[in-house]
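Worksheet: one structure, shown below.
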Amino acid sequence: MPTLKRGKASSSSSSSSRVLVPMETDSEESPFSSSSSSEGEEEEEEEGEGGRVSDDEDEGNGEEAVEDRAKKRKAPITISLKKVCKVCKGTGHEAGFRGATYIDCPRKPCFLCKRPGHTTMFCPHRVATEHGVIPAPRRNTDTSLDYIFKRQLKAKIPMIKPTFVIPGQLDCGVIRFHSRRVTCLEFHPTRNNVLLSGDKKGQLGIWDYAKLHEKTVYGSIHSCIVNNMKFNLENDGVLYTSSSDGTARCTDLETGTSFFLLDLNPEGWNGPATWRMLYGMDINVEKGLLLVADNFGYLYLVDGRLKTRIGGPILIHKKGSKVVGLHCNPVQPDVLLSCGNDHFARIWDARRLEAESSLASLAHGRVVNAAYFSPLTGNKILSTAQDNRIRVWDSIFGNLESPSREIVHSHDFNRHLTPFRAEWDPKDPSESLAVIGRYISENYDGVALHPIDFIDVSTGKLVAEVMNTDITTISPVTKLHPRDDVLASGSSRSLFIWKPKGDKCPEQQLLERKSMNIFGRVERKSCGKLDGESDDDSDFSFKDKKRKAKNFDGKYLSGRKKAKP
DNA sequence: AAAGTATGGAACC
DNA sequence: TGGTTCCCCTACTT
């Protein structure tokens with residue numbers, strides 16, 4: 001019985017690091033019976049002594065577990081040599097990492113798809129080439145409105161879906177100036193190499209990743225979590241932010257001076273029952289309107305020019321529950337999308353906003369971390385929920401009782417991590433490519449890594465996995481550049497910039513990539529040493545890295561190229 | 001080097 | 001309904 005079924009990810013390639021590649025051709029026939037699956041077993045044999053790790057549910061039953069637990073609570077401290085599972089507290093097995101492979105607790109349902117009957121390691125969604133696609137139970141029904149809408153949009157939608165092109169290797173630049181975890185990222189809309197970042201402490205970072213040491217940190221704009229950043233497209237020297245300190249602010253990026261457009265806690269701190277935090281934010285460009293929402297379910301409208309509130313708060317999600325995200329439709333800004341902790345995403349007509357007046361409610365299995373209209377036509381919605389599913393909802397005029405696609409993907413909630421959000425690639429004309437970090441790790445040649453996944457949401461295919469053997473942390477925050485083939489990621493307190501190896505690419509390639517901008521591989525060398533960084537201010541530039549890179553063995557991730565049909 | 005900690009959501013009563 | 005307890009792949013610092 002193979003321990004690791006994921007042939008492609010775990011098969012023994014000789015290179016030190018692993019690549020990830022589109023999983024198209026290999027294992028097409030039978031994803032569940034991968035033949036190259038022996039090394040996991042070896043590992044198990046080595047350590048298989050003490051507790052029978054080989055589980056199979058034959059361990060104690062539930063009652064025993066309960067008893068055990070009760071004993072443990074009451075009993076005086078005794079030293080037991082028995083192995084105790086830290087997940088279920090049961091004995092006879094142990095969950096946790098063994099080397100770079102995570103051994104599941106056999107008594108818990110799958111950590112990936114959450115369904116009983118198997119553990120994470122054997123989850124069909126973990127090995128399937130289509131990354132856990134669940135087609136909709138039925139197609140959305142077309143209404144006449146739908147028809148008209150589609151006709152309008154038809155011209156904008158390319159007839160032929162471009163092929164994904166995978167650049168060979170990626171350079172990866174790192175900087176660390178945040179002292180708390182990164183919570184949001186945004187590329188500057190016009191200055192090509194500038195990345196903005198917000199953190200849990202309220203700091204705002206500006207990093208010119210093309211230049212050496214070109215970074216700025218504004219520490220006094222917000223006093224806690226920066227939840228959203230948005231540029232004013234009419235004046236890109238100005239950035240809007242919303243924060244858990246309850247303010248929405250407008251900041252001049254050159255000077256760092258900022259003023260608030262909204263302050264929900266003018267009285268200061270009077271306990272958590274009254275403290276309001278702002279989570280969602282977007283700008284209705286046509287109307288010069290700033291929309292923000294709080295942790296009690298309310299939406300606020302602010303006139304960006306007059307800096308005054310318009311109307312009172314409007315309840316758009318369950319009272320007392322957090323509204324997590326807001327997004328104005330790119331084609332029709334008056335169509336507003338919200339999502340929240342009440343497990344719903346909702347569509348609204350911003351011209352006629354009042355409680356209970358949503359045009360549609362999109363039900364999710366758990367808290368919805370994010371929901372975005374597709375960037376060009378606004379015709380699709382991509383949502384990320386904490387039930388480990390990415391959902392795609394077709395046509396905002398269709399029947400939205402159920403999503404048109406569900407993709408099982410590991411992006412669990414963890415209180416220590418910034419919530420994961422799947423985001424559209426703004427450059428993909430077919431509006432099918434999404435990027436999102438992955439929670440559970442995979443054993444890549446002995447290193448547990450958490451890749452950043454590129455998923456074709458129209459098929460559910462995992463198109464590329466971006467990783468680097470030196471980056472062992474999870475990357476919950478990801479952002480694709482609006483024009484360039486550049487990916488930014490935030491992992492804990494560090495920021496990463498990934499771009500195709502070298503800057504000089506043949507023109508042709510550039511053109512090709514323009515359509516897809518997928519990164520399939522990661523190069524090891526350019527990431528420099530991460531562990532040895534001093535805590536405070538150490539930072540790297542690409543130049544630094546190239547120098548340091550010489551100390552590395554020069555091994556790059558290598559792997560199979562995606563076979564083109 | 002093991003222990004401590006920050007800290008959100010939901011299950012549970 | 002609300003307070004309490006628990007928590008499965010964290011990323012640090014002490």
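Throughout, protein chains are lettered first and strands after them, A, B, ... in sequence-line order, and every chain is numbered starting at 1. A quick note: this is a predicted structure, and the numbers were derived from the prediction, not measured.
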Nearest of [options] to any side-chain atom of [X]?
X	options	value
T473(A)	dT10(C), dC12(C), dC8(C)	dC12(C)
L417(A)	dT7(B), dC8(C), dT10(C)	dT10(C)
I474(A)	dT10(C), dT7(B), dC8(C)	dT10(C)
R493(A)	dC9(C), dC8(C), dC12(C)	dC12(C)

Worksheet entry | Ring centre gap for W393(A) and H364(A) strictly below 6.0 Å |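 Ring centroids of W393(A) and H364(A) are less than 6.0 Å from each other.
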
Discussion item. Quick check: do V324(A) and V368(A) have side-chain heavy atoms less than 4.5 Å from each other?
Written reply: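 Result no, sub-4.5 Å side-chain heavy-atom pair not found.
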
Fill in: dT7(B) to dT14(C) separation - P atoms, rounded to the nearest Å
16 Å

Fill in: Span that lies between the C1' atom of dC8(C) and that of dC13(B), in whole angstrom
24 Å

Worksheet item: Does the salt bridge (Lys or Arg N to Asp or Glu O under 4.0 Å) test come out yes or no for R438(A) and D453(A), once each step is laid out?
Response: CA-CA 7 Å; R438(A) 195 193 304 170; D453(A) 291 329; 2.7 Å; yes

Worksheet item: When only distance counts, do a donor and an acceptor, one from the side chain of H416(A) and one from the base of dA11(C), lie under 3.5 Å apart?
Response: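 Checked by distance alone, the answer is no.
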
Worksheet item: Does the dC12(C) base have a donor-acceptor partner in the side chain of S492(A) within less than 3.5 Å?
Response: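 Answer no: no donor N or O sits under 3.5 Å from an acceptor.
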
Discussion item. For a quick test of reading the model: is some side-chain N or O of K86(A) closer than 4.0 Å to OP1 or OP2 of dC9(C)?
Written reply: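 Checking dC9(C) against K86(A), no side-chain N or O comes under 4.0 Å of OP1 or OP2.
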
Atom pair distance, as rounded to whole Å: [atom1] in [X] and [atom2] in [N]:
X	N	atom1	atom2	value
H411(A)	dC8(C)	NE2	P	19 Å
R438(A)	dC9(C)	CZ	C1'	12 Å
Y102(A)	dC8(C)	OH	P	8 Å
D199(A)	dA11(C)	CG	C1'	15 Å
N414(A)	dT7(B)	CG	C1'	10 Å
I471(A)	dA11(C)	CD1	C1'	15 Å
N295(A)	dT7(B)	CG	P	16 Å
R180(A)	dC12(C)	CZ	C1'	9 Å

Atom pairs under 3.5 Å, N or O on each side, protein against nucleotides 9-11 of chain B: can you list them with distances?
unit_1 : atom_1 : unit_2  : atom_2 : d
dG9(B) : OP1    : K322(A) : NZ     : 3.1
dG9(B) : OP1    : N341(A) : ND2    : 3.1

Item to complete: Show your reasoning for whether salt bridge (Lys or Arg N to Asp or Glu O under 4.0 Å) applies to K230(A) and D282(A).
Response: CA-CA 7 Å; K230(A) 204 91 196 178; D282(A) 202 3; 3.3 Å; yes

Response to the item:
Here the gap from H416(A) atom NE2 to S492(A) atom OG, rounded to the nearest 0.5 Å, amounts to 12.0 Å

Fill in: N341(A) side, atom CG; K322(A) side, atom NZ - distance, nearest 0.5 Å
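N341(A) atom CG to K322(A) atom NZ measures 5.0 Å (nearest 0.5 Å).
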
Worksheet item: Do the ring planes of Y300(A) and Y298(A) sit parallel (below 30°), tilted (30 to 60°) or perpendicular (above 60°)?
Response: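 It falls in the tilted class, 30° to 60°.
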
Discussion item. Students often mix this up, so state it plainly: with edges at 30° and 60°, are the rings of F97(A) and Y102(A) parallel, tilted or perpendicular?
Written reply: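 It falls in the perpendicular class, over 60°.
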
Item to complete: For P476(A), report the nucleic acid contact type (base, sugar-phosphate, nothing); a contact means any heavy atom under 4.0 Å.
Response: nothing

Worksheet item: Looking for any heavy atom pair under 4.0 Å, which part of the strands does Y439(A) touch: base, sugar-phosphate only, or nothing?
Response: sugar-phosphate

